[in-house]
Amino acid sequence: MSELYDILVETPPTKVILLALDQGLWDCERSLNELAALCEANHMEAVASVTQKRQTPETGIVLGSGKLEEAAAAAAELGAECAVFDGELTGSQIRNISTALGGMEVIDRTMLILEIFRSRAVTNEGKLQTELALLRYRLPRLQGMGESLSRQGGGGGGGGGARRGAGETKLELDRRHVHARIDALAEKLAEMEKRRGESRKARAKTGMPVVSLVGYTNVGKSSLMNALCGPSVAEADMLFATLDPTSRKLVLPSGMAVLLVDTVGFVSRLPHNLVEAFKSTLEEAAWSDVIVRVADAGDDQREEQLAVTDEVLDGLDCADIPRLTVYNKCDKPNALNFDPDILLTSAKTGYGLDALLKKLDELLSDRVHTIRVLLPYDKLGLAAPMRERGSVQVEEYREDGLYLEGIVKTEDLHCFEGYLV
């Protein structure tokens, strides 16, 4: 009964209207479709879109006044409460567009993505990174808010100069507060990054190879991890369903154990300051032995999305790390046929997972060796590298010592010299 009640009283999504300036720099229709999906991920419903083709933005309002009148009329007719612009806006542009739309709230693409990140972050580091990115984005836009702050600070009576002064005082206070908070967050995150670096070094000492799943948001990376390692990672059919990186142990067919890492997803035109804020998270890929680029087999924009993925990876010094491309969701009705040499997977049906694991084994084959050893009973401590960083497949206590068959890392092979059989 309570579940039904929760469904009935669930707050309906906020209706929004999308605005875009098409300067021919990218596929505007595709970008608007993505913006609508981002709105959905933030519990918003895009009820209309208004696009204008022009080479240069209109001064102060980006779109022409006629287009904004059209947008205001559509918003009034459809009950839209907010306008979302497909791009970045300055503080004064936000204020001017809002005025042209009759005082309607206006946000831009970056604000929307930041809000999604803010609401989805789970770990303390993720929350701090999101807040830092949000504050850094808002800081230069406070300048455009001076007039509204003046009206808030003026109160009753007095001349215009007094009201203006009050507003400027509040604006300056806001700036100082934001600067102080940014400094505090940056310091905390620097400490966390130092600890993360120490954790990476400790992880590297274990010798366990790291395989990172990277790709566009909503291509099924979390679903793929759950299909390979067993369910435990949250998954949903929406953009940015998961943000914080998750690591799980995965045993390959050879018996080699690897650490599988699910990283934050990418999106086209991902704001630079957001990439910087989440760089420590994205850098998980830079510490990998293999990077698995995951794409949606049923998305006709998959190659462009892979290009976005590569663009971000190239900025993280990942050029020398082997990359493996996997086309996931091949069970979708609109998935196209691919060359048989291309890896097709379905986290939903399990198709292609064995082939993926086999390919990972091949890519990491130079990291391991299968050996047979007979260790004297006074040398049993030498078994540790096989037990901790490899895999024991056969273990027998014999009269003359401990017999082991299993997999060891290449760098541990010297530990067993003289005891190989």
Side-chain angles (χ1 to χ4, degrees), residues 122-123 125-126 192-215 219-235 242-266 278-294 309 312-313 316-318 320-326 328 343 345 347 353-370 384-393 406-413:
V122 175
T123 66
E125 183 174 13
M192 289 183 173
E193 174 58 21
K194 184 179 179 181
R195 289 197 295 270
R196 182 188 287 274
E198 291 169 354
S199 299
R200 284 167 175 157
K201 289 179 182 177
R203 189 172 69 195
K205 288 180 180 178
T206 68
M208 186 179 290
V210 178
V211 176
S212 289
L213 300 175
V214 302
V219 296
K221 297 189 302 299
S222 298
S223 300
L224 202 55
M225 173 176 269
N226 286 341
L228 293 170
C229 304
S232 80
V233 180
E235 53 185 82
T242 54
L243 289 180
D244 299 290
T246 306
S247 303
R248 303 276 300 282
K249 182 179 179 181
L250 172 65
V251 179
L252 301 180
S254 66
M256 176 170 47
V258 302
L259 197 65
L260 188 64
V261 180
D262 178 18
T263 62
V264 63
F266 305 140
F278 278 81
K279 196 168 185 180
S280 61
T281 303
L282 294 171
E283 279 177 348
E284 288 292 335
W287 287 75
S288 305
D289 294 274
V290 175
I291 294 175
V292 179
R293 302 156 70 236
V294 184
T309 302
V312 176
L313 289 175
L316 296 173
D317 298 325
C318 300
D320 297 332
I321 301 175
R323 298 183 190 181
L324 178 63
T325 303
V326 171
N328 193 35
L343 278 173
T345 62
L353 298 186
D354 290 341
L356 170 57
L357 294 175
K358 182 180 178 182
K359 189 65 177 179
L360 288 174
D361 252 337
E362 292 175 6
L363 289 172
L364 294 166
S365 61
D366 62 333
R367 296 285 307 265
V368 298
H369 293 270
T370 301
M386 183 182 290
R387 296 186 191 281
E388 296 172 5
R389 298 189 290 274
S391 174
V392 177
Q393 297 170 339
I407 296 171
V408 296
K409 301 289 184 290
T410 299
E411 59 265 32
D412 292 330
L413 197 56

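Along the sequence shown, the residues carry numbers beginning at 1.
Not one N or O on the side chain of R248 forms a donor-acceptor pair closer than 3.5 Å with the backbone of D262. Between the side chain of N328 and the backbone N or O of V219, at least one donor-acceptor pair lies under 3.5 Å.
Distance CG/L313 to CZ/R323: 4.5 Å, rounded to 0.5 Å. Summarising the geometry, atom OG belonging to S254 is positioned 11.0 Å from atom CD belonging to E362; distances are rounded to the nearest 0.5 Å. Annotation: the span from D361 atom CG to L252 atom CG amounts to 4.5 Å, rounded to 0.5 Å. For the atom pair L260 CG and K249 NZ, the distance stands at 13.5 Å (nearest 0.5 Å). One finds the CG atom of L364 at 6.0 Å from the CG atom of D289 (value rounded to the nearest 0.5 Å). For the atom pair CE (M225) and NZ (K221), the distance works out to 10.5 Å, reported to the nearest 0.5 Å.
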Check the pair L360 / V258 against side chain to side chain contact (heavy atoms under 4.5 Å, CB included), numbers first and verdict last. CA-CA 10 Å; L360 288 174; V258 302; 5.8 Å; no

Could you go through M386 and D412, starting from their C-alpha distance and side-chain angles, then the distance that decides it, and tell me whether this counts as side chain to side chain contact (heavy atoms under 4.5 Å, CB included)? CA-CA 8 Å; M386 183 182 290; D412 292 330; over 6 Å; no

Working note: L324 + V211, criterion side chain to side chain contact (heavy atoms under 4.5 Å, CB included); need CA distance, chi angles, decisive distance, verdict. CA-CA 10 Å; L324 178 63; V211 176; over 6 Å; no

Report the C-alpha separation of L357 and L250 in whole Å, then their side-chain angles, then the decisive distance to 0.1 Å, and conclude whether the side chain to side chain contact (heavy atoms under 4.5 Å, CB included) test is met. CA-CA 9 Å; L357 294 175; L250 172 65; 3.8 Å; yes

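Annotation for A227 and A347: closest pair CB-O, 3.8 Å, computed over non-hydrogen atoms. Nearest heavy-atom pair across P209 and A257 is CD-O, 3.5 Å.
Listed by chain and residue number, R293, L306, Y327 satisfy the side-chain contact (heavy atoms from CB on, under 4.5 Å) test with T325 (two or more places apart in sequence, or in another chain).
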